[in-house]
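One structure is given here, and the rest of the page talks about it.
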Amino acid sequence: MSELHVHNSFTRQKEKFTSITPGYAGLYVCGPTVSGESHLGHSRPYITFDVVQRYLRHLGYKVRYVRNITDAGHFEEEGREAIDKVGEKAKLEKMEPMEMVQKYTNLFHHAFRLFNCEDPAIEPTATGHIVEQINMIEDIISKGYAYEVNGSVYFDVKKYAASYPYGKLSGRVLEDQLETTRELDGQDEKRNKADFALWKNAPPEHIMRWKSPWGEGFPGWHIECSAMSSKYLGETFDIHGGGMDLQFPHHESEIAQSTIAHGHAPVNYWMHNNMITINGKKMGKSYNNVIKLSELFSGNHPLLEQAYHPMVVRFYILQTHYRSTLDFSNEALQASERAFRRLWEAYAILQKLAHSGNTDAEDTELDQKVITWCNECADFMNDDLNTAKVLANLFELAPVINGMKGGQVSIEALSADTFALLKNTFKTYLEDILGMQPLQAEQSGKLDSVLSLLIEIRTDAKKRKDFATSDQIRNKLAETGVQLKDEKDGTVSYTIE
RNA sequence: GGUCGGAUGGCCGAGUGGCUAGGCUCAGCUCUGCAAAAGCUGCUACAGCGGUUCGAAUCCGCUUUCGACCUCCA
């Protein structure tokens, strides 16, 4: 595939991607609700769409990536509700929503920078767009598709479904929704059970509240994304992303609201990532099986055998296609860690290799294979972002690179052009598009010189065949996490864990 | 209950009607003072039962089984 195709959840088909404005792409991704700490499951969408965003830019699009922060609504923080149940509490004893929102927003940003996810161009907050949300609700009411009851406003789904394909995105049948027996908040106020809130009246004790034409209240969950995406990306934009679990009701509701407000569907391509599971079950708050990111990075969780570096997690996620479920296990993460170390080491070696400039390949068969492996990466990305296949090809190339270092393969086996292509492919795909970084930061010069000294002493010992001393140095260093390697050419290299 | 999606080798995971990804593990070999790393070689799977086809893991049907959504959820 020479052009980007993506799986559109709305049509359930792979479609060629064509942006609305040539050269520009608008991407909206549902961001975090900052009432708690992010967990492993959350890493999937933000890493997935970070790659989407990077790839679009690689293709030459100027991308506006918008990802919201949900900081309004009916909040709880680990059992602490955003409702002051005891009215007499002193100010500092009460939960201050802004304090909680700030705390978890900071944690979120910190974690995803460790994942090397690029910051969105715009990261709008729901509380910062109350006016836009109210305007949109008024618009929907004026068009006759929403109604007010006791200070709350609901969207009239039944009326909408009469003229529009409600349920298409999530494969839902309205009749089923109307018959649901669930007891939901505000159910008796709604004309139909399938109706959803655009605005909720705030009871007196509710802390988060804003003035509106319908009294004091707070916005419904779905309206923020519609209001903010249209504000920053336009009434119709290119790609809307998020987890599969948001298809219904969140995204379905977004489509309905925006369709009424703007007269047409809001999004051209809906993309949904699949879930991360643990023991076969979705990792989620309500299942009580989450591993928080801070726990994952520190290894401090009963289910974790060790700490996992953010890059290992990123690699592990990208080794699987984004629309497949991905099951967590220590074994899988550990396999990813080894694999990633090996791949990155090959990349590091490649950067140090230099080609003589020969225009002819000494091994045309290998040369051709390398060209194919490199060029296929673009096809794989274009085929609905098949990062798993891209990585597979990079792994095909790793033995070629390692062989060049080990002497099993001549660098001139490849033509100068192919060698340049090889270098460029690794840089472009591994670093720029998949967004991978080395596991350890650059070492300090001081550590470097200390190790050089030890290596020198050890080399002397080896010359005298004093293997007891040389092995002692190597073993003691290994205990502290520094692995010495005697290279073929007599030099010594090291890696630090 | 309704809707949808899976079931791939020891493990994780791509994938397509025929040319049998990739990673990790494991075994053997090469290199090496010994290691480590690296290279080479080996391990050949697609839940079950039918059907379509010259040919199916890949298409169709049924069965078993797991999961997601239907409520806040990435």
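Everything numeric here is computed off the predicted structure, so don't read it as measured data. Letters A, B, ... mirror the listed sequences (proteins, then strands); counts begin at 1.
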Please state how far atom [atom1] in [X] lies from atom [atom2] in [N], giving the value in whole angstrom units.
X	N	atom1	atom2	value
A:His7	B:G5	NE2	C1'	11 Å
A:Glu37	B:A74	CD	P	13 Å
A:Phe395	B:A38	CZ	C1'	15 Å
A:Tyr287	B:U71	OH	C1'	11 Å
A:His272	B:G5	NE2	P	15 Å
A:Arg172	B:C4	CZ	P	10 Å
A:Lys405	B:A36	NZ	C1'	11 Å
A:Arg342	B:G39	CZ	C1'	10 Å

Which nucleotide, if any, forms a Watson-Crick or G-U wobble pair with [N], using both distances under 3.5 Å?
N	result
B:G22	B:C12
B:U44	none
B:U32	none
B:U3	B:A68
B:C59	B:G51

Quick one: label [X] by what it contacts on the DNA or RNA (base, sugar-phosphate, nothing), any heavy atom closer than 4.0 Å.
X	value
A:Gly171	sugar-phosphate
A:His250	nothing
A:Asn273	base
A:Lys282	base
A:Leu394	nothing
A:Tyr316	nothing
A:Ile276	base
A:Gly406	nothing
A:Asn393	nothing
A:Ala392	base
A:Ser286	base
A:Met275	base
A:Gln247	nothing
A:Phe467	base

For [N] and [M], measure between their [atom1] atoms and round to the nearest Å.
N	M	atom1	answer
B:U58	B:U16	C1'	6 Å
B:A45	B:A38	P	28 Å
B:C60	B:G10	C1'	33 Å
B:C46	B:A68	P	27 Å
B:U3	B:C26	P	47 Å
B:G15	B:G6	C1'	15 Å

**Message:** Within 45 degrees of the ring normal and closer than 6.0 Å to the centroid, is that where the cationic atom of A:Arg67 sits relative to A:Phe49?
**Reply:** no
[X] with [Y]: basic N within carboxylate O range, under 4.0 Å:
X	Y	value
A:Glu376	A:Lys389	no
A:Lys369	A:Asp363	no
A:Asp50	A:Arg314	yes
A:Asp195	A:Lys158	no
A:Asp383	A:Lys14	yes

Hey, what are the protein-to-nucleotides 25-31 of chain B N/O distances that come in under 3.5 Å?
from  : atom 1 : to       : atom 2 : distance (Å)
B:U25 : OP1    : A:Arg338 : NH1    : 2.4

**Asked** Which pair of heavy atoms, one from A:Ala378 and one from A:Tyr55, lies closest together, and at what distance?
**Response**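 That would be O-OH, 3.6 Å.
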**Message:** Does A:Asp327 contact B:C12 through a side-chain donor or acceptor facing the base, at a distance under 3.5 Å?
**Reply:** no
**Request:** Can you check whether any acceptor in the base of B:G15 is under 3.5 Å from a donor in the side chain of A:Asn386, or vice versa?
**Result:** no
**Message:** Measuring to OP1 and OP2 of B:A14, would you say a side-chain N or O of A:Ser324 lies under 4.0 angstrom away?
**Reply:**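 So the side-chain polar atoms of A:Ser324 do come within 4.0 Å of the phosphate oxygens OP1 or OP2 of B:A14, strictly under.
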**Request:** For the pair A:His222 and A:His250, name the ring-plane relationship: parallel under 30°, tilted 30 to 60°, perpendicular over 60°.
**Result:** tilted
**Asked** Can you name the salt bridge (Lys or Arg N to Asp or Glu O under 4.0 Å) partners of A:Glu337, sequence neighbours left out?
**Response** A:Arg341
**Asked** Quick one: salt bridge (Lys or Arg N to Asp or Glu O under 4.0 Å) partners of A:Lys423, sequence neighbours excluded?
**Response**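 A:Lys423 satisfies salt bridge (Lys or Arg N to Asp or Glu O under 4.0 Å) with no other residue.
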